[in-house]
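Accompanying notes for the structure given below.
Atoms considered below: every heavy atom in the structure, side chains included; atoms not considered: hydrogens, waters and symmetry mates. Each residue takes its place number in the sequence, starting with 1.
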Amino acid sequence: MPLGLRRFLVMFIFYLIQTSIMPHIVGLGIRPDLLACVIVYFTLDGDTYIGFCMGAIAGLLMDAMVGNLAVYYLVLYPLMGYASARIARLLNAKLVKPRQRLLRPLILTAAVTTIFEAVMLLYIYINENAADITLQLIFRSVRAMLFSTALSVPVYFICHFLMYRVLGRTKTAKG
């Protein structure tokens, strides 16, 4: 199966989980952003271009589902993919030991979901009443970021399993 199709299928599987299963498994009134975890996986598995493209696909899927925030996700998710790729470059230079490299998914997911939650708070501040930004809403954003970060490592390994074990490897020429 072509690599691009496998990437799309993994993104679509996690999109279905995010939109159909996660609303029913809500913990502490928050939902983790599984698509951000998948974008981080593809950023670490590929490069800046792959992270941006997978963010664009996630944004298209979320915009198609939500519909009330026109192009909000289509702009935000590619930004998250690009930012995770830039942060990954910095981390690759700093985290050189094998044990330190295990921290990359955690750090990247925390950074990407922080961007998402900050933009969401800014959206609420601009489009609604500024009085709606309460300490409770800020703590909810922090809990969502921590929840997504905690799930980033399992999602990373599930994505890797789906990409290379379930959906198969690309055929290489022997020579």
Side-chain angles (χ1 to χ4, degrees), residues 1-25 31-67 69-93 95 98 100-117 119-120 144-145 147-175:
M1 183 179 301
L3 186 61
L5 182 59
R6 284 188 286 155
R7 286 179 176 146
F8 176 77
L9 286 175
V10 169
M11 179 64 76
F12 191 71
I13 288 168
F14 276 94
Y15 163 76
L16 291 175
I17 293 169
Q18 176 80 25
T19 57
S20 61
I21 296 173
M22 278 300 165
H24 303 292
I25 308 174
R31 272 190 286 177
D33 192 358
L34 296 179
L35 296 179
C37 299
V38 175
I39 290 170
V40 165
Y41 168 76
F42 285 120
T43 300
L44 292 174
D45 192 44
D47 59 359
T48 306
Y49 178 73
I50 299 301
F52 181 82
C53 289
M54 296 314 292
I57 290 171
L60 280 171
L61 291 172
M62 288 301 288
D63 268 343
M65 184 206 67
V66 175
L69 299 173
V71 300
Y72 176 75
Y73 293 106
L74 185 59
V75 172
L76 189 57
Y77 276 107
L79 171 70
M80 291 165 53
Y82 181 75
S84 68
R86 304 312 290 173
I87 296 169
R89 277 193 175 172
L90 293 172
L91 289 177
N92 286 339
L95 303 175
Q100 291 175 337
R101 290 176 104 42
L102 292 174
L103 295 174
R104 292 183 312 162
L106 292 170
I107 295 169
L108 285 175
T109 305
V112 167
T113 53
T114 300
I115 291 170
F116 181 82
E117 294 296 332
V119 171
M120 192 63 92
M145 185 270 301
F147 198 9
S148 296
T149 303
L151 286 178
S152 66
V153 173
V155 167
Y156 186 87
F157 287 114
I158 291 169
C159 285
H160 190 76
F161 178 76
L162 287 173
M163 281 289 292
Y164 296 107
R165 300 287 183 197
V166 174
L167 299 175
R169 293 186 179 268
T170 57
K171 294 181 181 178
T172 58
K174 294 184 180 182

May I have the step-by-step check of side chain to side chain contact (heavy atoms under 4.5 Å, CB included) for Asp33 and Glu117, ending in yes or no?
CA-CA 10 Å; Asp33 192 358; Glu117 294 296 332; over 6 Å; no
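- Residues Met120 and Leu76 fail the side-chain proximity criterion, which asks for heavy atoms closer than 4.5 Å.
- With a 4.5 Å cut-off on side-chain heavy atoms, Val38 and Met54 do not count as touching.
- Using a 4.5 Å cut-off on side-chain heavy atoms (C-beta onward), Leu61 and Ile57 make contact.
- Under the 3.5 Å distance criterion, with hydrogens and angles disregarded, a donor-acceptor pair is assigned to the side chains of Thr43 and Ser84.
- Taking the six-membered ring for Trp, Tyr41 and Tyr156 have ring centres closer than 6.0 Å.
- In this structure, the separation between CG on Leu79 and CD1 on Ile115 is 6.0 Å, given to the nearest 0.5 Å.
- Ring orientation note: the planes of Phe116 and Tyr73 are close to parallel, at an angle under 30° on the 30°/60° scale.
- Two residues are said to be in side-chain contact when any heavy atoms from C-beta on lie closer than 4.5 Å; Leu34 and Ile17 meet this criterion.
- Here the closest non-hydrogen pair linking Leu74 and Ala56 is CD1-O, 3.9 Å.
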Determine whether Asp45 and Tyr164 satisfy the following criterion, side chain to side chain contact (heavy atoms under 4.5 Å, CB included), listing intermediate values before the conclusion.
CA-CA 12 Å; Asp45 192 44; Tyr164 296 107; 3.1 Å; yes
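- Of all the heavy atoms in Cys37 and Ser148, the pair that sits closest is SG-O, 3.4 Å.
- Closest of all the heavy-atom pairs between Thr149 and Ala110 is OG1-CA, 3.4 Å.
- Annotation: side chain of Phe14 is not in contact with side chain of Met22 (no heavy-atom distance under 4.5 Å).
- Here the side chain of Gln18 pairs a donor or acceptor atom with the backbone of Pro32 at under 3.5 angstrom.
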Run the side-chain hydrogen bond (donor to acceptor under 3.5 Å, both in side chains) test on Asp63 and Tyr77 for me, step by step, so that the C-alpha distance in whole Å, both residues' side-chain angles and the decisive distance to 0.1 Å come before the verdict.
CA-CA 10 Å; Asp63 268 343; Tyr77 276 107; over 6 Å; no
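- The OG atom of Ser20 sits 9.0 Å away from the OH atom of Tyr15 when rounded to the nearest 0.5 Å.
- One distance of note links OG1 of Thr113 with CG of Leu35; it measures 12.5 Å at 0.5 Å rounding.
- When side chains are defined from C-beta on, Met80 does not count as touching Val40, because their heavy atoms never get closer than 4.5 Å.
- Within 6.0 Å of the CZ atom in Phe42, the count of heavy atoms belonging to other residues, nucleotides or ligands exceeds 12.
- Between Thr109 atom OG1 and Arg104 atom CZ the span is 11.5 Å, to the nearest 0.5 Å.
- Between Leu44 atom CG and Ile39 atom CD1 the span is 12.0 Å, to the nearest 0.5 Å.
- Side-chain contact between Phe157 and Leu162 is absent, with no heavy atoms from C-beta onward closer than 4.5 Å.
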